[in-house]
Each structure stands twice: as C-alpha cells, then as structure tokens.
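Data block below; observations after.
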Amino acid sequence: MSSFDEMDAFEGASLSARAMPAASVDYLKDLNPAQREAVDRLDGPVLMLAGAGTGKTKALTARITHLLKTHRVRENEILAVTFTNKAAREMKERVGRMLGRPAEGMPWLGTFHAICVKLLRRHAELVGLKSNFTILDTDDQKRLIKQLASSVDVEVRTSTARWLASIIDNYKNNSWLPDQVPASKELWIDLETGAEFEELDAPKKRKGVMSSIDFYKLYQARLRVLNAVDFGDLLLHMVTIFQTYPDVLEQYQRWFRYILVDEYQDTNVAQYLWLRLLAGGHKNICCVGDDDQSIYGWRGAEVGNILRFEKDFPGAFVVRLEQNYRSTPHILAAASNVIRGNENRLGKELWTDREEGEKVRLIGHWDGEEEARWVGEEIDAMQVGTRGVRPMNLDEIAILVRASHQMRAFEDRFLTIGLPYKVIGGPRFYERMEIRDAMAYFRLVVSPEDDLAFERIVNTPKRGLGDKAQQTIQVVARENGVSLVDGARIAVDNGLIKGKGGKALRELIDGLARWNGMTRGPRIEVDDDSVIDDGVSTIRYGAPEHTHIELAQIILDESGYTAHWQNEKTPEAPGRLENLKELVNQLDNFENLQGFLEHVSLVMDNEQDSDGAKVSIMTLHAAKGLEFPAVFLPGWEDGLFPSQRSMDESGLKGLEEERRLAYVGITRAEEVCTISFAANRRVFGQWQNSMPSRFIDELPEDHVEVLTATGLYGGGQQSASIETRAAEANVYNSPGWKRMQARQGQYGMSQPRESRNTVIDATAIASFTLGERVFHQKFGYGAVIGIEGDKVEVEFEKAGTKKVVSRFLTAKDDVPF
DNA sequence: TAAGGCCCGCTTTTT
DNA sequence: GCGGGCCTTA
C-alpha cells in the first residue's frame, strides 16, 4: 500500500502511466485474473457478473483507483452509483484506502437519489420547480394523498392512501409521466372504500371514483405547487430533463467520462433509462451485479435490465467473477444447487479453494418456540466451540429471517436466557414517531410554509385542536391562498378558533415565529422592530444568539414536546426522550438546521451501534451484502419461505425471487450455515402447521448434515403424545421430509449433543429483592416475584410474568406502585 | 375534544 | 397478537 507521501510525489511527478512508481500498482497485484480483466478494460461497456462473495467491491474500487491513477480521468469526472448510503460510504472509504488519501474529491460517488438531488437542484426550473424544493418522505406522501382526496370531498383511509402511493410509485419506477401511463395500467378506484373497478363497469361519474392516472396528475400538480418532490420524482424529473433538453444531457454525457453502477440487478426502469441516457455518448459504463441476487422485484427492480445488458450495449465485455472467497465448498454447493432451480439466469458457477469445512446443517423442530430455544442453545454452545466448529464470538453469528414477525420468537427467547442481540433494520431512527415529530418542528421553523409539517405537529402535543379546529385552519388558508401557519394566524386573529385551543394555537404560532427569528442574528442595517421575516436576502444579519443545537433544544422544550414525553408513563417514553437527545446531539455534525434537514431527507439511516458483541437478527433482505461466520436460517416452511403471498401474486416469477432470497441467505455464511423449520407456528395468534420448504428438497444431500433436535425424536416427552405423532405423520410427508428421515437412518436416529456450558456473566448476580419494582427495556415495569440465580421472575404490568436475566432489569424503587 | 373499546388486517424495504 | 383506525361515550 502506497504511503501518503508517495502519492504526493506521484501526483506531482508525471502524467504518464509509464512513470508510475511500482508501489502505486499494488492495488492491481492481488486481483485474480477475472477481477483483473474487469479492472483493465476501462473503455466501453462492461458487465461484471459478480457472484456472492467474489470480491466485487474490491474490483469496483480497484477500477476507480485505476482510472484515477493512470490519470485518464479526474475524480469529479467519474459517476459511481450505489443504492444505499452504506454502500456509497463503504466504496468511498475503500477507494480512499487504495489511493492512500481520502476520496473526498469524488462528488459523484453516491446513491442514485443523492446524485439526482444534486443534478435536479441545478435544473429544477426545467420541470417547474425552484431549486430549494423539499423532498417528501413516504409519510408526507401519504398525508398529501389524504389531503388531495379531501379536496374532492372524500376521506380516504390510510390503507387506501398507501395503496394509491404504491400505484404512483409504480408509475414513477417505470418512468411514466401521467400522460405516458399505458391505458392497461389505469385503475378505477373508489377513494372512499378503496375498491377497485374494471374500466368497463366503472361508474366513472360516481362521487369518489377516480382514475389512478387522474389522481397521479392531481398529485403531481400539487407537488409542483408545494415545490416538493417525492423519491420517485428525483429520477423521473432527471430522465424528463435529459429527454427534453438534449443540450443539458450532452453536457453531462461529456462531463461523466466514466460511469460505474453497483447492484445493477436492482435498478428499476427509471434508473435504467437515466443510466442509458448518460452513457449514451461514450458508452464507458461498467455495471456490476448478480442476477441471482435480485430480490427487489416487488419494489420495481427489473432483473431484465441486467439480463439485457449485452443487447443494450452491443459489443459489451462481460466478465464473470466466480471465485468465492467467503464460504466453504459445502455452503457454496448448497447455494448453487438451490439457485439452479431458476430458469432465467445468466449462469455462473461459484467455486472456491477453501477447505471443506462443515456441511450445511438441517434441523426440524416441533414449533417456532422450540426452534428459537434450540438456536439459543446452539449459539451458547458455539461460543465455546462445538462439534468441530471453532469458538465463535456473538458478533460472528447472524439469524436471517424471511419476515420480520419471525424475529419476536428469537427476541423473547434471547431476553429470557440473557443472550445479547441486536435487530438490524428495525424501525429506523429517523422513522420513529418522536423523531419525525421533532423534525417536523424543525422543518416548520426553517420553512414556515411547510404545510405537511404543520399538520403533523399542530396538535402534538395535544393542544385541544381537533378535527374541527384543523379544518377551520385549512379552509382559512385555502381561502386566503396562504400557508397553514398563516391561515392559523388569521383564524385566531378573527376569533374563528376560540378558547383553550385558540390560546394554545396562538402560542404555537408565536413560538414558530420566534424560533424562526432565532435561526439568524439581529438585523444589521435597518434597526429593528418587530419585523421578523421578510425573506429578502439583501438584508444582513449578525451571528445568531444561539447555536442551532441550542435552538433545537429550545424548540423542543418551548413547544411542550419534551414535556409531552416526560409526562407519558408508558415504558417507551424514556427511550423516546433518549432518542430526542440523540437527535439533538447529531446536530453537532451540521452547520445549521437546514443542512441537517437536507441530510436527513436522504440519509435515513443511523448507525448508533453500541457496545459489546451481539448476535444479529435481521431479514434476508437486510442481509444482502453482509457476511457472517455462522448463519442461522430459520423458518424454512412452505408458505413462510417461499412466501405464499409472493407466489400468489407473482407466480413463478415470485417463486424465483424467493429462491434467489434463499441463495442470498445461504451465501451469507462463511463457515457454518444452519437451516431449520418448524412443523407448527403461531401466525397472527393462530396455530398453523406447515410443510418443510420446497427449497429444502433442493439442498444437495451430499453437502447437508441432518441434525436431530433433542426432545423431538430423541424420546422427549412431546413426541410421546398421540396427537404429536399424528401431526408428525401428516405434516412431514413431503418428499424432502421423507428424504430427511431416510438420511436420519444413515446418520443414526439421534446424535446426542455434548452438554452445554451456558456462558453466564459472572458480574450479573441478581441483587433484587422480592416485591421490588423493576424496569425492563422491552416489558416495561413490573414486580419481582421470584429469584433463581441470575434469573429473576417478574410480574410485568403489561407483559405478564416472565423470567429474565437480572442484568436486563433496572431497579425502580423510587417509584411507588 | 380526548379517551377507551373494538375490529380489522397483516411480506420483504431503500431513497 | 398487535397496532392502527374507527366508533362511541363522557
């Protein structure tokens, strides 16, 4: 790796590639032949088919480094697009590491959306927007849709709003403007009931029945008035601009001399068009992807984009990265055999020169709870090393589920046995209610015309402003053609909202004006008076009296929002206050509130990962791109995985996507992969039994070891009951199950597992007394009713009686019962 | 207007 | 089994 000094010398030395010092080509040395090819072929269209764990990011970053180091191109002439901020961040870091200096100078390395925001701010006027447009998140989107419906005198339910939003998203993903939507995609919707009509029998004139295309038109018009865009618009507007203004397009075709795209299999039509337009001139485009890992079809991704690449770019150079550096041969063989079941593939065969390792392990359980219990025990055993597997750290272990409701069983179990875990991709920080509320206050202070934000917080905390008062504000605002804040002011001034609510509203409006004034210092030229905001930029202001961090705290305190959560007695309230504190802390990284809001609208993630090694629990979708030494894949039952709904809605296409999901899951594992299923599972409170997943049938026998759960076949009490045997007989009659039983014969009925040393945290000796009031993160408040070693039995006020490990409890003796 | 009870409906999720 | 939304009631 070249040092910073060498880099400097190189920069100054010569523009010729021949003069390159030996050290600077290090980044090429440890590439394998396929990766090397992918990096060397800088010009023209390149498709890099990179299987799971084949070093795709490495090749991609080496390619960028190569472009820069051979001085063919400057950092700001490379367009490198990813899907997630995380991927963008990682790539920036790795390029920086390879270059030996921070890759700060790569302004066009980012997500599709972030790059489009930048571009659209420059050209907003071409689609009738101002360059300071706001970006709506999905919550705003739903609110807007409800508003639109109410303007045609219909109240829509949230579910209908969600549905309408998804229809509009879908149009945008396909890059259709309202007048470009094909007639076949037009739906007639009863806004009131959410019912859908066939066009022929659509009572079009009936009140509240509307064409989805007309609604889309209305929606777009409203966005323009609000000077706002949704996520889909970011792409759609840019495609429109490129298609309508060839001179603008040409400018960027020339500017972005090289284009790189990560996760190409996840692109939707709009993103595809955007890329094709930009690459149209020089065709220096390198797309990296894996058709076998396309798992986002349900949100508009088109596997077709990657399957069609060679047709789109004739003469494209296709290189396959097939050497896998991640998993053992057994794991790879299992993954390959499963994915082989798919018809539409470009075809790749992963191989590795790693040692054999463990076979993929397969185990069936009686029910979901037993599955969770078994996994918990297995993880405990893994920490000390078991069955030839080296001892593992908790952060080397992951549980990947198909649907998030599967997580609860694991969470409950792990809380009970005191196994530290973290849920990845749960409700994200910026999506939490309290964060959204706080952000709405900030938005409203920064831009008082943000009606959606006003609506969100006008009665949060409760100010006695219910439907009626809010309706009055809406009407007044609409009649006067002003924002809701101004409408509210007029309404109060004219005594349209009286009493307690009126007083509280007046306070809110005054507060907003006051806080807005605090975003800047005192006016410098003109002396003073009560003029707070005239929006004219020629007026200068001194430095603000408060930092934006202080201001944020002031807003939350004076608005009564902080107090609102302090007065709330639910178990979540303290956590929410914590989150608010965290939000204010984060402001430290930004110059002012505006900068922060801009950032958050695009980057909705927050890595507040804290201390200590923990087992990761996440969905298969969230696991893409990650790897773990040990992976558990629970819930492999037909209907759950593959998901029934996916198969019902999308047929074979849906099944194939599910199969790719299985492939993604297995290939996350480096050393140990454990697949499991349960015969019975409680779904929505109802017991259901199911057959092992058809994907289990597709696992290659030679690479699978069948484990036997203690208590199921090993003579545990459960299997003694007649009902149980009957259920077994009739549930487990799939080909996979039969084969599994046959294999069990091979391996012997049951393999007694070595006894477990459950790792107990020695510092966690219970120090609670009977009857003591305690608090638990998940279960809330409760009273101690029993103590056993480090486990404490607690009768929770809300959650019932549970045994939990003492270190998850906090004493709350100061609080009376 | 707000609070409490009841019913419905329910994958996957990034920007 | 749980949360959100709708309805009723005080």
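Hydrogens, waters and symmetry mates play no part in the numbers below; they use all other heavy atoms, side chains included. A, B, ... follow the sequence lines: proteins, then strands. Residue 1 opens every chain.
- Residues passing the side chain to side chain contact (heavy atoms under 4.5 Å, CB included) test with A/Lys500, sequence neighbours excluded: none.
- Closest approach to the A/Ala469 side chain among B/dT1, B/dT11, B/dT15 is made by B/dT1 (side chain taken as heavy atoms from C-beta onward).
- By the side chain to side chain donor-acceptor pair (under 3.5 Å) test, A/Ser294 pairs with no residue at all, sequence neighbours left out.
- Take A/Arg299 and apply the side chain to side chain donor-acceptor pair (under 3.5 Å) test, not counting sequence neighbours, and it matches no residue.
- Under the ring-ring contact (aromatic ring centres under 6.0 Å, His included) criterion, A/His113 pairs with A/Phe231, sequence neighbours left out.
- What separates CG of A/Asp638 from C1' of B/dT11 is a distance of 16 Å, to the nearest Å.
- For the pair A/Arg682 and A/Asp367, the salt-bridge criterion is not met [side-chain N within less than 4.0 Å of a carboxylate O].
- Listed nucleotides: C/dG1, B/dT14, B/dT11. Nearest to the side chain of A/Thr84: B/dT14.
- Between A/Arg413 and A/Glu369 no salt bridge is recorded (no basic side-chain N to carboxylate O distance below 4.0 Å).
- Ring stacking holds between A/Trp298 and B/dT12, with the centres under 5.5 Å apart and the planes within 30 degrees of each other.
- Although no hydrogens or angles enter the test, the distance criterion places a donor-acceptor pair under 3.5 Å between the side chain of A/Arg668 and the main chain of A/Leu626.
- Heavy-atom distances under 4.0 Å link DNA chain B to no residue of residues 265-275 of chain A.
- The interatomic distance linking A/Asp230 (CG) with B/dT15 (P) rounds to 16 Å, in whole Å.
- For A/Lys142, the salt bridge (Lys or Arg N to Asp or Glu O under 4.0 Å) criterion is met by no residue, not counting sequence neighbours.
- Contact annotation: A/Asn85 side-chain N/O to B/dT14 OP1/OP2 distance is not under 4.0 Å.
- With sequence neighbours left out, A/Asp230 forms a side chain to side chain contact (heavy atoms under 4.5 Å, CB included) with A/Gln141, A/Lys172, A/Tyr219, A/Leu223, A/Asp233.
- What separates CG of A/Leu661 from C1' of B/dT11 is a distance of 10 Å, to the nearest Å.
- Along DNA chain B, the nucleotide closest to A/Leu465 and the one closest to A/Leu620 are compared, and the more 5′ of them pairs with A/Leu465.
- Within 4.0 Å (heavy atoms only), A/Arg402 reaches at least one base atom of the nucleic acid.
- Base orientation of B/dT12: anti, the glycosidic angle falling outside 90° of 0.
- Computed from coordinates, the A/Lys86 NZ to B/dT14 C1' distance equals 12 Å when rounded to whole Å.
- Between A/Arg645 and B/dT12 there is no side-chain polar atom (N or O) within less than 4.0 angstrom of OP1 or OP2.
- Qualifying ring-ring contact (aromatic ring centres under 6.0 Å, His included) partners for A/His621, counting only residues two or more places apart in sequence or in other chains: A/Tyr296, A/Trp298.
- Contact annotation for A/Glu658: base contact, defined as any heavy-atom pair under 4.0 Å involving a base atom.
- A straight line from OH of A/Tyr296 to C1' of B/dT14 spans 7 Å, rounded to a whole angstrom.
- Every residue two or more places apart in sequence or in another chain was checked for a ring-ring contact (aromatic ring centres under 6.0 Å, His included) with A/Phe454, and none qualifies.
- Backbone-only contact: A/Thr619 has heavy atoms under 4.0 Å from sugar-phosphate atoms and none from a base.
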Protein and nucleotides 4-10 of chain C: nitrogen or oxygen contacts under 3.5 angstrom:
from: C/dG5; atom 1: OP1; to: A/Thr158; atom 2: OG1; distance (Å): 2.8

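- Residue contacts shown for A/Lys468 are limited to sugar-phosphate atoms, with no base heavy atom under 4.0 Å away.
- Taking the ring-ring contact (aromatic ring centres under 6.0 Å, His included) definition, one finds that A/Tyr272 meets it with nothing, sequence neighbours left out.
- Listed candidates were C/dG1, B/dT12, B/dT15. Nearest to the side chain of A/Arg682 is C/dG1.
- Spacing between atom CD1 of A/Ile424 and atom C1' of B/dT14 amounts to 16 Å, rounded to whole angstrom units.
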Check nucleotides 4-7 of chain B for protein N or O atoms closer than 3.5 Å to its own N or O atoms and list the pairs.
none

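- Following rounding to the nearest Å, A/Leu626 (CG) and B/dT14 (P) show an atom-to-atom distance of 12 Å.
- A/Asn459 comes within contact range of the sugar-phosphate backbone alone, with a heavy-atom separation under 4.0 Å but no base atom that close.
- Going from atom CG of A/Leu505 over to atom P of B/dT1 covers 12 Å, rounded to whole Å.
- OP1 or OP2 of B/dT12 lies within a sub-4.0 Å distance of a side-chain N or O belonging to A/Ser404.
- Counting only distance, with no hydrogens or angles, the side chain of A/Gln293 and the backbone of A/Asp290 share no donor-acceptor pair below 3.5 Å.
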